[in-house]
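None of these values were measured; they are calculated from a predicted model. Starting from 1, each residue takes its place in the sequence as its number.
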Amino acid sequence: MGASDFGTNSMPEIDFNKRISQVNDYLKGKGMEAEYLSNEEAVSVFNEIADSNGDVDAQDFALALAQQYDSSIKDIDDLDKDYYYALTGIAFADGDGNSFSLEDLELFQKEVEKYTEEKQQENTSATRNDNGVLENAPEYFKQRSSTTASDRIKVDNNGTYYVVADAFNKNKSDNIDCYSRLITNVYGYSYDSEEGKKLMDALLKANPDLENGMQVGERINLVNAQEILNPESVQDKNDEPKTFEDYSSEFDSEIEDDALNTMLNDDNLSNEEKMELLTKAKTNNPEMVEKYLQNDDTFYVNAFIDMVANSEYSIDDIVSFSDNYNEIQGDNKSLNVGSLYADFLKSYVSLYEKAGESDEVDKLEKPTYIAKNIEQSSHLSEDEKTELLRRIALATGYMVHLGRR
């Protein structure tokens, strides 16, 4: 990954919460001792490398901040891509993505404080309604009665639910002070039931120290009862195909190229749906989408071949689809699909024939351009080339092998 891989294109809007989270996670992985990145640390780094105008190169700031936690980092190539994009992306706040200005720093401080406060609030006791039911919690906390200990369940910053063991008190029905009450009050099952035994076994595996009994103040990580008691239903749910709406919601914010790859290879989506999702992805991740598609045009070529072979699509439909794709892809006409390009050329010849029948050849790429690519293709035999050129001439009236009418 060279420095040139890090482009600077302004974003429609900046998801500060996600970017601060990515910065935090990366630095924490490098040995950051504090639970959250501190403003003081960011300001100290900024002041050390700021120029006389009080500005800092965005790359330099990302590098210097990371080096505070890992001295082995020497240059941009050593940085994690997500961390770099997250931090330098904040530099776009004032419209200049190359410089991390004082204005950017002040906004950065504000967002760090906001992020830290929100995360600290997450690590609090969950709330329950008037019926004693834990709100906004997973379904696997059964909560069968108002005496359950739902107000004791907490969630940490990694999304793990847990409880803290209470001191023994026989007079408190919602106490969590023994195995029996742990199963009954958190999951709503009897400790002696088949379900209770399975859950207890899973809890012991998740909390090895629990084998020695429950100690006052001990943290006990909770398990997913649905996975333990009904794994088939969990698997069935995981096997359900994602819908267009699922992808659309996911693509509302920044995504990585693996998410794009999954969507483009999902046979449950139509080509039109994929194009719509590509457009949304381009809005949030312009550089990533262009780079992905310029490295792999397989989706477009397969979609093009399918549309040409389908009589329901008109010439205008296919031309519009191609124009939209070219715009998303960055108007790079060089298709990167390997041997599949030969199939694309054959399909384009069929498109000429389809357009010739309706006198719409002028709506397509000039035959001489396609003919040139046919002649230069290493994936077509000489006989195939001759036949394809003959078909173009018959369909369009162009003597393509001579480059003229």
Side-chain angles (χ1 to χ4, degrees), residues 81-82 226-227 230-355 363-365 370 373 377 379-380 384 388:
K81 180 180 67 174
D82 290 338
Q226 190 173 10
E227 291 180 354
N230 193 12
E232 292 82 8
S233 66
V234 174
Q235 184 62 41
D236 290 343
K237 184 176 182 180
N238 290 339
D239 288 343
E240 292 179 3
K242 294 176 69 172
T243 65
F244 171 80
E245 289 72 22
D246 293 332
Y247 282 112
S248 184
S249 176
E250 181 182 349
F251 283 25
D252 277 334
S253 58
E254 290 186 65
I255 58 170
E256 298 299 328
D257 52 8
D258 58 343
L260 194 64
N261 182 67
T262 299
M263 183 274 289
L264 291 176
N265 287 286
D266 192 332
D267 294 335
N268 295 302
L269 298 176
S270 69
N271 292 326
E272 290 78 8
E273 288 176 324
K274 291 179 181 180
M275 187 68 82
E276 186 174 339
L277 291 168
L278 269 179
T279 301
K280 176 172 280 192
K282 176 73 178 282
T283 300
N284 294 316
N285 303 65
E287 180 179 304
M288 183 275 287
V289 171
E290 286 190 11
K291 186 175 181 180
Y292 178 97
L293 295 178
Q294 288 174 11
N295 287 329
D296 188 354
D297 295 283
T298 303
F299 154 68
Y300 166 69
V301 169
N302 282 329
F304 180 91
I305 293 172
D306 290 343
M307 293 177 75
V308 172
N310 191 333
S311 60
E312 294 183 2
Y313 290 102
S314 67
I315 300 299
D316 287 334
D317 291 335
I318 298 172
V319 170
S320 177
F321 186 85
S322 296
D323 288 344
N324 289 339
Y325 179 80
N326 287 335
E327 182 178 350
I328 294 172
Q329 189 243 31
D331 291 321
N332 183 352
K333 289 188 176 182
S334 178
L335 296 179
N336 194 352
V337 287
S339 61
L340 189 59
Y341 190 58
D343 294 326
F344 171 78
L345 293 173
K346 292 176 183 178
S347 183
Y348 214 111
V349 172
S350 297
L351 184 61
Y352 281 130
E353 293 172 332
K354 184 175 182 177
K363 294 180 179 180
L364 305 178
E365 190 75 54
I370 298 299
N373 283 275
S377 174
H379 297 288
L380 293 169
E384 286 178 316
L388 290 174

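Once rounded to the nearest 0.5 Å, the distance linking OG1 of Thr279 with CD1 of Ile328 reads 3.5 Å. Atom CG of Leu364 sits about 6.0 Å away from atom OH of Tyr352, to the nearest 0.5 Å. Here the CG-CG distance, from Leu380 to Leu388, works out to 6.0 Å after rounding to the nearest 0.5 Å. Ile318 contributes atom CD1, which lies 9.0 Å from atom OH of Tyr313 (distance to the nearest 0.5 angstrom).
Applying the side-chain contact (heavy atoms from CB on, under 4.5 Å) rule to Thr243 yields the partners Glu245, Asp246; only residues at least two apart in sequence or on another chain are considered. Listed by chain and residue number, Asn265, Tyr292 satisfy the side chain to side chain donor-acceptor pair (under 3.5 Å) test with Asn261 (two or more places apart in sequence, or in another chain). Residues satisfying the side-chain contact (heavy atoms from CB on, under 4.5 Å) criterion with Asn268, sequence neighbours excluded, are Pro241, Asp266. Among residues two or more places apart in sequence or in another chain, the salt bridge (Lys or Arg N to Asp or Glu O under 4.0 Å) test is passed with Glu353 by Arg391. With sequence neighbours excluded, the residues that form a side chain to side chain donor-acceptor pair (under 3.5 Å) with Ser314 are Asp317. Shown here are the side chain to side chain donor-acceptor pair (under 3.5 Å) partners of Ser248, two or more places apart in sequence or in another chain: Lys280. For the salt bridge (Lys or Arg N to Asp or Glu O under 4.0 Å) test, residues two or more places apart in sequence or in another chain that qualify with Lys363 are Asp316, Glu360. Residues passing the side-chain contact (heavy atoms from CB on, under 4.5 Å) test with Glu276, sequence neighbours excluded: Phe244. Not counting sequence neighbours, Ser347 has no partner by the side chain to side chain donor-acceptor pair (under 3.5 Å) test. Taking Lys274 as the reference, nothing meets the salt bridge (Lys or Arg N to Asp or Glu O under 4.0 Å) condition, with sequence neighbours excluded. In this structure Glu384 satisfies the salt bridge (Lys or Arg N to Asp or Glu O under 4.0 Å) test together with Lys346, sequence neighbours excluded.
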message: Determine whether Phe299 and Met263 satisfy the following criterion, side-chain contact (heavy atoms from CB on, under 4.5 Å), listing intermediate values before the conclusion.
response: CA-CA 10 Å; Phe299 154 68; Met263 183 274 289; over 6 Å; no

task: Output, in order, the C-alpha distance, side-chain angles, deciding distance and verdict of side chain to side chain donor-acceptor pair (under 3.5 Å) for Asp297 and Tyr341.
output: CA-CA 10 Å; Asp297 295 283; Tyr341 190 58; over 6 Å; no

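The aromatic rings of Phe344 and Tyr348 sit perpendicular, their planes meeting at an angle over 60°, well past the 30° parallel limit.
In this structure, Asn324 and Val319 have side chains that are not in contact, with every pair of non-hydrogen atoms separated by 4.5 Å or more. Within the 4.5 Å cutoff, no side-chain heavy atoms of Tyr300 are placed close to those of Gln329. In this structure, the side chains of Asp296 and Leu264 stay at 4.5 Å or more apart for every pair of heavy atoms. Residues Leu260 and Leu278 meet the side-chain proximity criterion, which asks for heavy atoms closer than 4.5 Å.
In this structure, a donor-acceptor pair under 3.5 Å is absent between the side chains of Thr262 and Tyr247.
Using a 4.0 Å cut-off between charged nitrogen and carboxylate oxygen, Glu250 and Lys242 count as a salt-bridge pair.
Of the options Met288, Gln294, Glu287, a side-chain contact (heavy atoms from CB on, under 4.5 Å) to Glu290 is made by Gln294 and by none of the others.
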Would you be so kind as to tabulate the donor-acceptor pairs closer than 3.5 Å made by side chains of residues 301-312, with sequence neighbours excluded?
| unit_1 | atom_1 | unit_2 | atom_2 | d |
| --- | --- | --- | --- | --- |
| Asn302 | ND2 | Thr298 | O | 3.4 |
| Asn310 | OD1 | Glu312 | N | 2.9 |

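A pairwise comparison of heavy atoms in Asn284 and Phe251 identifies ND2-O, 2.8 Å as the closest pair.
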